[in-house]
There are 2 protein chains.
Amino acid sequence: MTTPGVSRSEQKERTRRAILDAALGLAEEGGLAALSLRQVAKEIGIVPTAFYRHFASIDELGLTLVTESFDALRALLRDARTIPDDATATEWDLAVSIADKSIDALVTHAGQSDRHLRFIARELLAGPPAVREAVRHQLQLVERELATDLAHVELTRAWSSADLAILANLLVNAMLIRAEELSRSGSAAETRRIADTARRQLHMVLVGTLRWDSSK
Amino acid sequence: MTTPGVSRSEQKERTRRAILDAALGLAEEGGLAALSLRQVAKEIGIVPTAFYRHFASIDELGLTLVTESFDALRALLRDARTIPDDATATEWDLAVSIADKSIDALVTHAGQSDRHLRFIARELLAGPPAVREAVRHQLQLVERELATDLAHVELTRAWSSADLAILANLLVNAMLIRAEELSRSGSAAETRRIADTARRQLHMVLVGTLRWDSSK
DNA sequence: AGTTTCGGTGAACAGCCGTTCACCGAAGAA
DNA sequence: TTCTTCGGTGAACGGCTGTTCACCGAAACT
């Protein structure tokens, strides 16, 4: 595994990344709870004990993957959320704008961050208790961030904060679910088909949601 | 584990149920892929090898749980889908009706079938490849059933089958996601709070969705 | 009554798990 | 050049995994 010619710290960082990447990939089958240190080590061509030069335990690996995955989710939402705040726009225009931006961001980030998004969705439901709790907590923070951002959109000015939270939850869930579907596409054509369906569903949902009268 | 006084076939069925229940419970932490035969056996008080009097392998256990879980999901949807088809109803009335029925069915079935619903959601994302594929397939069938039912609702008569499929997917996903949230409620009060939020989100979504013009 | 059926038992199998330890050899500092 | 640092190594630990086998004892059948 040693590659002479590069500095020691650089080599270390390289191995660390290899561990994280391999773990993220191997966790796709069976989840983090069914991940084995020896699998990871074999995958990247180091001996199992070398793992401990980079992480104190497997649990630490898991929590690192959680942190990294949420960085990816936040980056995705940051892209999706540059929404034109045109006061004259109709609900329909805005809904389409948000939906298209979201799906575009999702498709664009696919390949880089989709494994992280699926990691979040998966471990939220199937992770070891500690990981599940961490994911749940981080997800709440992300939704709260998104909700405060949505509050600045003209059309939702009059909404209650509870309704904004509901909308944010809706959008985040949609992203996570679609990331799973998109990951299964074999061809570029299938990717486009799935993306189109996702876009349409988001249109349907958002058109209605943005016409929502929060005062009930 | 033997309880004299009951017939042999009855005792066998009892043990089989105990295995399935214990497996369903233990799979909640870490998923099916992290489930161990010995854990299950210890949980119900039999020796590990006795397991093989009821299932040929662990894989067979997993597939049985898939079948059982989808029975639960279909039962839930059957309850949720007794929708008043009043031609004079507004979109809003219908949306509220569908949403309320769905959430009511979910809350009512909770405790009996919510572990099965969470099993479906979890193994869809984190199951062993074979289980994941089986769940995915069954989920497609359920969505198709629901879509053909929705086609009989007056308001969606003009919808394209693609849009009906999207709506069905939306409803099924919503059920699975909410089952997860509801399962974490400690008190009856919290259950009501979560149910109210879920209802409101479904209102928001369906009000818009049912106003959707499928002709684009 | 004798005989068969069969769910549960306990030992044994090869194989994987996370983690520890002493050790090696090359990179980096003096 | 000498000395230190440190990422990777290989053996070893106790414990867990799914599955097999021969066996037991009571229920069920004749």
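Predicted model, so just to flag it, every value in this text is computed and none were measured. Order of the sequence lines sets the chain letters (A, B, ...), proteins ahead of strands, with each chain counted from 1.
A salt bridge links B:R199 with B:D196: at least one charged nitrogen is closer than 4.0 Å to a carboxylate oxygen. A salt bridge between B:E68 and B:R17 is present, with a side-chain N of the basic residue lying under 4.0 Å from a carboxylate O of the acidic one.
With B:R38 contributing its side chain and B:P48 its backbone, the two residues share no donor-acceptor pair below 3.5 Å. Side-chain atoms of B:S160 come within 3.5 Å of backbone N or O of B:D163 as a donor-acceptor pair. Although no hydrogens or angles enter the test, the distance criterion places no donor-acceptor pair under 3.5 Å between the side chain of B:S69 and the main chain of B:F119. No side-chain donor-acceptor contact under 3.5 Å links B:D21 to the backbone of B:A18. Put simply, the side chain of B:Q201 gets close to the backbone of A:I166: a donor and an acceptor are under 3.5 Å apart.
Atoms CD (A:Q11) and P (C:dG28) sit 11 Å apart, rounded to a whole Å. Remark: P of C:dT19 and CD1 of A:I46 are 14 Å apart, rounded to the nearest angstrom. In this entry the distance linking OH of A:Y52 with P of D:dC13 reads 17 Å, nearest Å. D:dC6 atom C1' lies 10 Å from atom NE2 of A:H54, rounded to whole Å. In this structure, B:K42 atom NZ and D:dC16 atom C1' are separated by 10 Å, rounded to whole Å. D:dG10 atom P lies 19 Å from atom CZ of A:F51, rounded to whole Å. Atoms CG (A:L61) and C1' (C:dG18) sit 13 Å apart, rounded to a whole Å. Atom-to-atom, CD of B:E10 to P of C:dG8 comes out at 13 Å; the value is rounded to the nearest Å.
Along DNA chain C, the nucleotide nearest A:R53 and the nucleotide nearest A:D59 are compared for position; the residue whose nucleotide lies closer to the 5' end is A:D59. Remark on DNA chain D: of its neighbouring residues B:A56 and A:K12, the 5'-side contact belongs to A:K12, judged by nearest-heavy-atom nucleotide.
A:T15 has a side-chain polar atom (N or O) that falls below the 4.0 Å cut-off from OP1 or OP2 of D:dG8.
Here B:L37 lies in heavy-atom contact (under 4.0 Å) with a base. Within 4.0 Å of B:E13, counting heavy atoms only, lies no atom of the nucleic acid at all. Within 4.0 Å (heavy atoms only), B:L35 reaches sugar-phosphate atoms of the nucleic acid but no base atom.
Checked against C:dG28, C:dC17, D:dG18, the side chain of B:S36 finds its nearest nucleotide in D:dG18. Relative to the side chain of A:A50, the nucleotides C:dA26, D:dG8, C:dT9 differ in distance, and D:dG8 lies closest. For B:S57, taking side-chain heavy atoms from C-beta onward, the closest of the listed nucleotides D:dT17, D:dT19, D:dA28 is D:dT19. Of the listed nucleotides (C:dC17, C:dT9, D:dG8), C:dT9 has the atom at the smallest distance from the side chain of B:V47.
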At a cut-off of 3.5 Å, list every protein nitrogen or oxygen paired with a nitrogen or oxygen from nucleotides 11-15 of chain C, distance to 0.1 Å.
none

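Across all non-hydrogen atoms, the minimal contact from A:A134 to A:L63 is CB-CD2, 4.4 Å.
The salt bridge (charged side-chain N to carboxylate O under 4.0 Å, His left out) pairs that include a residue from residues 25-37 of chain A are A:E28-A:R118, A:E28-A:R122, where partners are two or more places apart or lie in different chains.
Surrounding CZ of A:R136 are more than 12 heavy atoms belonging to other residues, nucleotides or ligands, all under 6.0 Å away.
Summary of helix geometry: the two end axes of the helix from C:dA1-D:dT30 to C:dA30-D:dT1, each defined by five base pairs via their C1' atoms, are inclined to each other by 10° (rounded to 10°).
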